[in-house]
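Before any comments, here is the structure.
None of these values were measured; they are calculated from a predicted model. Proteins come first, then strands; the chains are lettered A, B, ... in the order of their sequence lines, and each starts at number 1.
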Amino acid sequence: MAERIHITTAIFYSNGPPHVGHASEAFATDTFARYFRRKLGRKNVTFVTGTDEHGDKNLRAATAQGLAPKAFVDRIAQAFRDAFATLNISYDFFVRTTDPVHEKFVQSMLQGAYDKGEIYYRDYQGLYCVGCERFYTEKELLPGNLCPAHNTPAELITEGNYFLRLEKYREQIRQHVLSTPDFIRPERYRNEALNMLGEPLEDLCISRPKARMDWGIELPFDSNYVTYVWYDAFWAYLSELPATDKAALAEVLPVSEHFIGKDILKTHAVYWPAMLLIAGLPLYRHLNVHGWMNFRGERMSKSSGNIPDPLEYEKTYGPDVLRYFLMREVVYGLDGDFTEERLIERYNADLANDLGNLTSRVLSMAARYCEGEVRAAPGAAREDVDSAIIQAFESAPARVGEFVEELSFNRALEAIWQALDAANKYIVATEPFKLAKKEDARPRVARILANLLEGLRVTADMLEPFMPATAAKLADLLQADEATLRAPYGTGLKPGHRVKPPVALFPRIEKPK
RNA sequence: GGCGGCGUAGCUCAAACGGUUAGAGCACGCGGCUCAUAUCCGCGGAGUUGUAGGUUCGAGUCCUACCGCCGCCA
């Protein structure tokens, strides 16, 4: 039985179009998914993303634009889909929390928890911040009862609501985190989660009276209320499955990898496990927590107008460039900083000079000296100088895989580039362009070029999860089909195979000004 | 206030259990090559590893205090 894996991004809150932060999470998740598709086979990987469309922030955003809420979220969901298509995000399911199937799923889970007595009704009076969609205690608020996040006054309201018994499950969740060291990773976030689980939890309010806010999923046991907060969104990870099929759910969860930002750690490390336990389901495999993308050293925020649009960069620099930058530059789990200057530096140094130029010079020599034909078996009949490049490309894929599986995407790319370095050094060490002038050295030139072309071929294979469009271009230049692409070094390109003449994959960008 | 994290070359990052002159890449300077996108290769400078103490034969790595940045909780 082949190993399976289930991979999710956060279900993105859809009060605005996607920005670089969303793109960043989607890239990491997509890379992970693509990597595992290659490792486990396409049908053993499920990649879920989607949009969280209920709630009063969405409702207000819609009203501000003079739209009905559904019309508004339709627009946003489409914007995410379009963006993800352009960014090559290879999801299998795009779940919208307004999908009828999803709504039924949530209602089924609500009813189950209610029947079990884990959801109960009580009156609640408190200070409520509309922006946060939550109540605050007075201690938490700033002087004047201002919300610490929004700096706006919290309103005192009284209302009856439904609550989820969280505290009851705290110790069980804590034990799971303790006994599963990599449950939440990187470790820094595990420590934070343990911190949260170390003290009593208040029960979680999971409903809103329709009288105040009706843009949500109606509670199956009380038609005066809706849910839209976390009880809604989490289930989107699973709602492509039937809610009643506990066996299927119990199969998926233990292989489920959730990718989230550090801002929603508590909800995923505490609330979500509690909901799963209440539903009698196993917990997910890993919570993979990333930091925030800053923009020019500052937190992205609407008020300061520094919300970079990923599609803009995709348009300006071509496919994969933003993606490469974010994956190479940011250490997963830590905050990253995005600047266009830095992106251009990376583009020129890594993409144009290393990858692009190497491709160009190798294909150029192949065309010039061998009429684009592979005329030797790569990796065979090696001399001492050949060992370095052969070993580099033989060992790189495994190292890349280890790094991807531990979420060190930047180091995975670094490992690929080390192999590219070995190829460039190999050209200098063997000087095929000099040997080509001597008739009797032609067989040696053929072997050198075969080794290099095979290196590019393995590069295309390794690069696919990170830079799918570039990998496809490279595979096309090398005329390598899927099976050839996947082969280990030395077993891909065969004598007689023909490659295309070079093109500039990444034309160098001249520094502005 | 409590808990936790981070602070290593100009920049981005590495350095299993503490152990030989703290490493890469980028940027910068010099030299070489010409197949290539003025690309590539080689060499080089630069760090009292936030500060001050302590433990140890030996500490970036452990302990204490402090400074700075940040996060979580209350």
Just call it for L334(A): base, sugar-phosphate, or nothing, with non-hydrogen atoms closer than 4.0 Å on any strand.
-> nothing
Given the P atoms of A74(B) and G10(B), what is the spacing between them in whole Å?
-> 41 Å
Comparing S360(A) with D421(A), nearest RNA chain B nucleotide closer to 5' gives the residue S360(A)
Toward the 5' end of RNA chain B, by each residue's nearest nucleotide, F506(A) or R411(A) | R411(A)
Roughly, in whole Å, what's the span from OH in Y369(A) to C1' in C35(B)?
-> 5 Å
Just how far, in rounded Å, is P of C26(B) from CG of N353(A)?
-> 9 Å
Distance between P atoms of A15(B) and A9(B) (Å, rounded) = 15 Å
Does the side chain of N357(A) pick up a donor-acceptor pair with the side chain of R508(A) at under 3.5 Å?
-> no
How is E199(A) classified with respect to the nucleic acid when contacts are heavy atoms under 4.0 Å: base, sugar-phosphate, or nothing?
-> sugar-phosphate
Give the nucleotide from the list G4(B), C35(B), C40(B) with an atom nearest to the side chain of N191(A).
-> G4(B)
Under 3.5 Å, is there a donor-acceptor pair linking the side chains of Y332(A) and N410(A)?
-> no
In whole angstrom, give me the gap between the P atoms of C6(B) and C63(B).
-> 11 Å
Between N348(A) (CG) and G25(B) (P), how many Å, whole number?
-> 18 Å
Rounded to the nearest Å, what distance is computed from the CZ atom of residue R328(A) to the C1' atom of nucleotide U12(B)?
-> 8 Å
Hey, is the side chain of R508(A) poking within less than 4.0 Å of OP1 or OP2 on A38(B), counting only N and O atoms?
-> no
Is the distance between the ring centroids of H268(A) and F234(A) under 6.0 Å?
-> yes
How about H290(A) and E25(A): does a side-chain donor come under 3.5 Å of a side-chain acceptor?
-> yes
For A36(B), does OP1 or OP2 lie under 4.0 Å from any side-chain N or O of R368(A)?
-> yes
Which nucleotide in the set U37(B), C41(B), C11(B) lies at the smallest distance from any side-chain heavy atom of A352(A)?
-> U37(B)
C13(B) phosphate, OP1 or OP2: any side-chain N/O from N410(A) under 4.0 angstrom?
-> no
Which one, U12(B), C40(B), G71(B), comes nearest to the side chain of E192(A)?
-> G71(B)
Enumerate, atom names and distances included, each donor-acceptor pair closer than 3.5 Å involving a side-chain atom of residues 464-472 of chain A, sequence neighbours excluded.
unit_1	atom_1	unit_2	atom_2	d
E464(A)	OE1	R38(A)	NH1	3.3
E464(A)	OE2	R34(A)	NH1	2.8
T470(A)	OG1	D320(A)	OD2	2.7

Determine whether the aromatic ring centres of F403(A) and F409(A) lie less than 6.0 Å apart.
-> no
Interatomic distance, I264(A) CD1 vs G71(B) C1' [rounded to whole Å] = 16 Å
Please report, rounded to the nearest Å, how far the P atom of U12(B) is from the CG atom of D335(A).
-> 13 Å
Indicate whether OP1 or OP2 belonging to G42(B) is found under 4.0 Å from a side-chain N or O atom of K425(A).
-> yes
Read 5' to 3' with Watson-Crick or G-U pairs under 3.5 Å, [ ] for crossing pairs and | for partners on another strand, RNA chain B gives (((((((..((((.....[...)))).(((((.......))))).....(((((..]....)))))))))))).
Flag for T484(A)-D481(A): side-chain donor and acceptor within less than 3.5 Å = yes
Integer angstrom distance from the C1' of A16(B) to that of G54(B) = 26 Å
Give the nucleotide from the list A36(B), C73(B), U37(B) with an atom nearest to the side chain of N357(A).
-> A36(B)
When rounded to the nearest Å, what value does the distance between C1' atoms of C41(B) and A46(B) take?
-> 22 Å
For the residue pair Y324(A) and Y317(A), is the inter-centroid distance of their aromatic rings smaller than 6.0 Å?
-> no
Which of the following nucleotides, U37(B), U12(B), C40(B), is nearest to the side chain of L505(A)?
-> U37(B)
If we take the P atom in both C35(B) and C26(B), what is their distance in whole Å?
-> 24 Å
Considering only atom C1', compute the distance from A24(B) to A14(B) and round it to an integer number of Å.
-> 7 Å
Could you tell me whether K434(A) contacts a base, only the sugar-phosphate backbone, or nothing, with contacts defined as non-hydrogen atoms closer than 4.0 Å?
-> sugar-phosphate
Please indicate whether Q418(A) has more than 12 foreign heavy atoms, meaning atoms of other residues, nucleotides or ligands, lying under 6.0 Å from its CD.
-> yes
Counting any heavy atom closer than 4.0 Å, what does P432(A) reach on the DNA or RNA strands: base, sugar-phosphate only, or nothing?
-> nothing
Sugar-phosphate, base or nothing in reach of D354(A), heavy atoms under 4.0 Å = sugar-phosphate
Heavy atoms under 4.0 Å, any strand shown: does N195(A) hit a base, just sugar-phosphate, or nothing?
-> base
Sugar-phosphate, base or nothing in reach of V331(A), heavy atoms under 4.0 Å | sugar-phosphate
Gap in Å between the two C1' atoms, one belonging to U8(B) and one to G25(B), rounded | 15 Å
Residue pair R122(A) / N161(A), side-chain donor-acceptor N/O under 3.5 Å | no
Roughly, in whole Å, what's the span from CH2 in W417(A) to P in C13(B)?
-> 18 Å
